[in-house]
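Each remark here refers to the structure printed beneath this line.
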Amino acid sequence: MPRSVNHVASRARRKKILGLTRGYFGARKNVWTVAKNTWEKGLTYAYRDRKNKKRNFRALWIQRINAAARLEGMSYSKLMGALHKAGIEINRKVLADLAMNHPDAFKAVVAKAKAA
């Protein structure tokens, strides 16, 4: 008896992945094995870069806070230490936003930290 193969399901599976690789260059979009490998590698990159995104934003916030703190005559580490000692619990994301968009508010926070 001949072997029964579910061509409908396997073709649908391939079409799904080939659909996800639309817009890729060359064989990456239409050759099954190349497209599948590219798509799988893309998932790996996506997972990795979701973690790296957090790292990169934290680094950006620190650079912005440091630049603004130095305009106030403090280094980043001194400022963060002073904030901790003063009991001001404000995260780096908000501090960086204050430094960029609301410099007067940032100056007030720095003054409060210096006073403590």
Give the minimum heavy-atom separation between [X] and [Y], together with the two atoms involved.
X      : Y      : value
Lys112 : Ala86  : O-CB, 4.4 Å
Ala68  : Phe106 : CB-CE2, 3.5 Å
Ala113 : Leu83  : CB-CD2, 3.7 Å
Trp32  : Arg14  : CZ3-CA, 3.5 Å

In this structure, would [X] and [Y] fall into the same cluster of hydrophobic residues linked by side-chain contacts under 4.5 Å?
X      : Y     : answer
Trp39  : Tyr45 : no
Ile65  : Ile88 : yes
Val110 : Ile90 : yes
Val94  : Met80 : yes
Val34  : Tyr24 : no

Does [atom1] in [X] sit with more than 12 non-hydrogen atoms of other residues, nucleotides or ligands closer than 6.0 Å?
X     : atom1 : answer
Lys51 : NZ    : yes
Arg48 : CZ    : yes
Glu89 : CD    : no
Lys41 : NZ    : no

Can you tell me how far apart [atom1] ([X]) and [atom2] ([Y]) are? Round to the nearest 0.5 Å.
X     : Y     : atom1 : atom2 : answer
Asn91 : Asp97 : CG    : CG    : 10.0 Å
Leu98 : Arg64 : CG    : CZ    : 12.5 Å
Leu95 : Lys93 : CG    : NZ    : 13.0 Å
Lys16 : Leu18 : NZ    : CG    : 11.5 Å
Trp61 : Asn56 : CH2   : CG    : 10.5 Å
Arg28 : Asn30 : CZ    : CG    : 12.0 Å

Taking the side chain as every heavy atom from C-beta outward, state whether Val109 and Leu79 have any pair of such atoms under 4.5 Å apart.
->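 No, their side chains stay 4.5 Å or more apart.
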